[in-house]
Peer 1: 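Once you've had a glance at the structure underneath, I'll fire off some questions.
Just so it is clear, the model here is predicted, and its values are computed rather than measured.
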Amino acid sequence: MALRLDSFGLAELAAKPEDAFRLASLAMAEGQRIPGYGGDYYRLRVGDAHVIVRTRGNQETGEEELTGMDTHAASDCVWDCWVVKDVTPEDAAPLSRQALVRCGGEDSAVVDILCADALPDLREGDTLRLNMVGFPLRISYDEGESSGVVEAQQDTVLLEGSVTDAKVGETYLGMEPLTRFVSVTVSTRMGNIELCHPMELVAEAQRERVKPGAVVSAYCVLSGDAAVDKYAGGVLFDGDRDLTVLAAFFRDGSLERLGPVLRSDCVCTFLENRQEGLESALTLLNVVREDLTAAGLNRVGRGTVEGGRKCLLLGGEQGWAFLCLLELDSLGRVREVIITNDPKWNFEVEE
């Protein structure tokens with residue numbers, strides 16, 4: 001993922017490490033806080049551009065630490081898509097995610113998912129609603145008919161579309177104007193997308209074509225902000241999402257993401273072992289996961305018990321060995337986690 005300040009003519013804001021730190025500090029002080037499960041995001045509006053700062057808590061110092069920054073724009077282009085594959089690089093910075101997505105048909109796009117940790121999980125088949133912006137590395141404005149094609153590359157996208165709107169975007173800090181950039185809305189087969197770039201990126205002979213009706217061909221980086229609609233304020237707590245976060249924990253051990261889900265007085269019961277309080281509950285959950293993994297019981301499924309109550313199913317190739325049930329408070333946070341193999345619980349597996 002990249003901080004595409006150059007697309008808005010704002011590269012000087014992070015030209016030096018101390019400049020980037022000042023920008024991040026400003027975003028954390030004056031931007032909108034978007035809570036995630038494993039950390040927080042801060043979105044600072046800089047005119048028609050956005051700077052999004054990623055942070056997470058340092059367990060040793062108890063302070064927030066900066067993990068990176070991303071850029072976005074004031075866009076009304078939303079894609080309803082689904083995850084084909086999580087393609088986040090192994091060396092990606094914390095709280096940054098990248099996915100190959102589709103919106104229907106054969107077209108696909110690699111998208112940097114901003115504010116991804118506000119989602120309970122990000123797995124193959126999950127549906128996403130993303131506010132979409134593209135940052136062209138190369139772009140051409142021509143006449144003729146557009147195919148609207150979108151084709152994913154390794155971590156970039158080739159796209160062609162028709163310009164439906166073109167305007168001059170502006171950036172500023174406080175009352176101080178900074179830069180102007182080109183902002184065009186482009187129609188593609190995957191949906192509309194806002195492309196932002198400096199005019200200097202366009203060949204001089206093509207600049208008069210930067211207007212509605214032109215055909216755009218672009219090689220670009222796509223950015224999709226997941227903190228929209230119901231996730232605009234960050235994480236949401238309810239039974240289904242809480243189970244999704246817990247299922248992700250049993251699969252990959254993401255213990256730190258459980259913290260916001262569990263109440264400070266949460267109770268965890270595993271067979272006859274009962275632990276009270278957040279730290280003790282997390283410790284027991286971690287021990288249970290390690291023991292289940294060592295025993296080859298690292299398969300996680302979803303089910304319902306009598307009365308339609310949702311649960312997790314934990315087991316292995318030979319079948320399900322344990323049920324995981326949640327007791328919630330009125331705000332949707334977990335009051336108690338119960339992991340049991342009591343045969344009184346009849347369950348049905350969700351497909």
Side-chain angles (χ1 to χ4, degrees), residues 1-58 61 63-75 87-99 110-119 122 130-137 155-157 169-174 176 178-179 181 183 193-198 220-228 231-235 256-257:
M1 303 182 75
L3 183 63
R4 301 298 310 184
L5 288 171
D6 57 313
S7 296
F8 305 108
L10 295 172
E12 289 187 0
L13 288 183
K16 300 177 182 178
E18 56 267 30
D19 297 330
F21 180 77
R22 278 194 293 268
L23 180 59
S25 298
L26 180 64
M28 293 172 67
E30 299 186 9
Q32 175 198 1
R33 176 176 173 265
I34 302 170
Y37 290 97
D40 293 335
Y41 304 90
Y42 293 87
R43 181 193 288 137
L44 178 68
R45 184 157 186 168
V46 187
D48 294 321
H50 293 168
V51 173
I52 298 177
V53 173
R54 291 176 262 120
T55 69
R56 66 176 181 179
N58 186 311
T61 65
E63 298 179 351
E64 274 190 307
E65 62 179 19
L66 175 69
T67 69
M69 289 191 290
D70 302 300
T71 43
H72 206 64
S75 166
V87 293
T88 306
E90 291 185 2
D91 60 350
L95 304 181
S96 62
R97 301 292 293 274
Q98 193 177 68
V110 176
V111 181
D112 292 341
I113 311 296
L114 307 190
C115 303
D117 206 54
L119 306 175
L122 185 66
L130 301 173
N131 183 279
M132 293 298 301
V133 171
F135 300 121
L137 306 176
D155 54 6
T156 55
V157 170
E170 297 181 323
T171 67
Y172 49 84
L173 278 176
E176 180 185 356
L178 297 176
T179 64
F181 61 93
S183 178
I193 185 167
E194 198 84 3
L195 299 185
C196 301
H197 61 83
C220 51
V221 174
L222 299 192
S223 172
D225 190 352
V228 296
Y231 291 109
V235 297
E256 68 282 353
R257 299 187 82 238

Peer 1: Going by heavy atoms in the side chains, are V228 and L130 under 4.5 Å from each other?
Peer 2: no
Peer 1: Quick one: does any side-chain atom of T179 pair with a main-chain N or O of T171 as donor and acceptor, under 3.5 Å?
Peer 2: no
Peer 1: Taking the side chain as C-beta and beyond, is there a heavy-atom pair between T88 and L122 under 4.5 Å?
Peer 2: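 The answer is no; the side chains never approach within 4.5 Å.
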Peer 1: Above 12 or not: heavy atoms from other molecules or residues under 6.0 Å from CD of E12?
Peer 2: no
Peer 1: Ignoring hydrogens, what is the shortest heavy-atom contact between A232 and I34? Give both atom names and the distance.
Peer 2: O-CG1, 4.3 Å
Peer 1: Using the rule given for salt bridge (charged side-chain N to carboxylate O under 4.0 Å, His left out), can you reason through D117 versus R54, listing the C-alpha separation, both sets of side-chain angles and the distance that settles it, and then say yes or no?
Peer 2: CA-CA 10 Å; D117 206 54; R54 291 176 262 120; over 6 Å; no
Peer 1: By the definition side-chain hydrogen bond (donor to acceptor under 3.5 Å, both in side chains), identify the one residue from H72, H50, R43 that meets it with D225.
Peer 2: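 Output: one option passes, namely R43.
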Peer 1: Who pairs with E170 by salt bridge (charged side-chain N to carboxylate O under 4.0 Å, His left out), at least two apart in sequence or on another chain?
Peer 2: R180
Peer 1: Is there a side-chain contact between F181 and D48, using heavy atoms and a 4.5 Å cut-off?
Peer 2: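 Yes, close enough: below the 4.5 Å cut-off.
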Peer 1: I'd like to know if the side chain of R45 reaches the main chain of G47, judged simply by a donor and an acceptor atom lying under 3.5 Å from each other, with no hydrogens or angles considered.
Peer 2: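 Between the backbone of G47 and the side chain of R45 there is a qualifying donor-acceptor contact (under 3.5 Å).
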Peer 1: Tell me if a side-chain donor or acceptor on Y42 pairs with a main-chain N or O of T55 at a distance below 3.5 Å.
Peer 2: no
Peer 1: Less than 4.5 Å apart, side chain to side chain, heavy atoms only: is that true for S75 and M132?
Peer 2: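 Contact flag for S75/M132 side chains = no.
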Peer 1: Heavy atoms only: give me the nearest A14-L5 pair and the separation to one decimal.
Peer 2: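 Looking at all heavy atoms of both residues, the closest pair is CB-CD1, 3.7 Å.
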Peer 1: Mind listing the closest non-hydrogen atom pair of D40 and P35 along with its distance?
Peer 2: OD1-CA, 3.2 Å
Peer 1: In Å, rounded to the nearest 0.5 Å, how long is the span from CG of L173 to CG of L44?
Peer 2: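 Rounded to the nearest 0.5 Å, the CG-CG separation comes out at 7.0 Å.
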Peer 1: Just how far is it from atom NE2 of H197 to atom CZ of R4, taken to the nearest 0.5 Å?
Peer 2: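 Atom-to-atom, H197:NE2 and R4:CZ are 12.5 Å apart.
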Peer 1: Within the 4.5 Å heavy-atom criterion, are E65 and R56 side-chain neighbours or not?
Peer 2: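 Side chain of E65 against side chain of R56, heavy atoms only: contact under 4.5 Å found.
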Peer 1: Could you tell me which non-hydrogen atom of A226 sits nearest to which non-hydrogen atom of I113, and how far apart they are?
Peer 2: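 Of all heavy-atom pairs spanning A226 and I113, the closest is CB-CG2, 4.1 Å.
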Peer 1: Exactly one of L222, V221, T71 should register a side chain to side chain contact (heavy atoms under 4.5 Å, CB included) with D112. Which one does?
Peer 2: V221
Peer 1: Heavy atoms only: give me the nearest F135-S223 pair and the separation to one decimal.
Peer 2: CE1-CB, 3.9 Å
Peer 1: Which heavy atom in Y37 sits nearest to a heavy atom in A118, and how many Å separate them?
Peer 2: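 For Y37 and A118, the tightest heavy-atom pair comes out as CE1-O, 3.8 Å.
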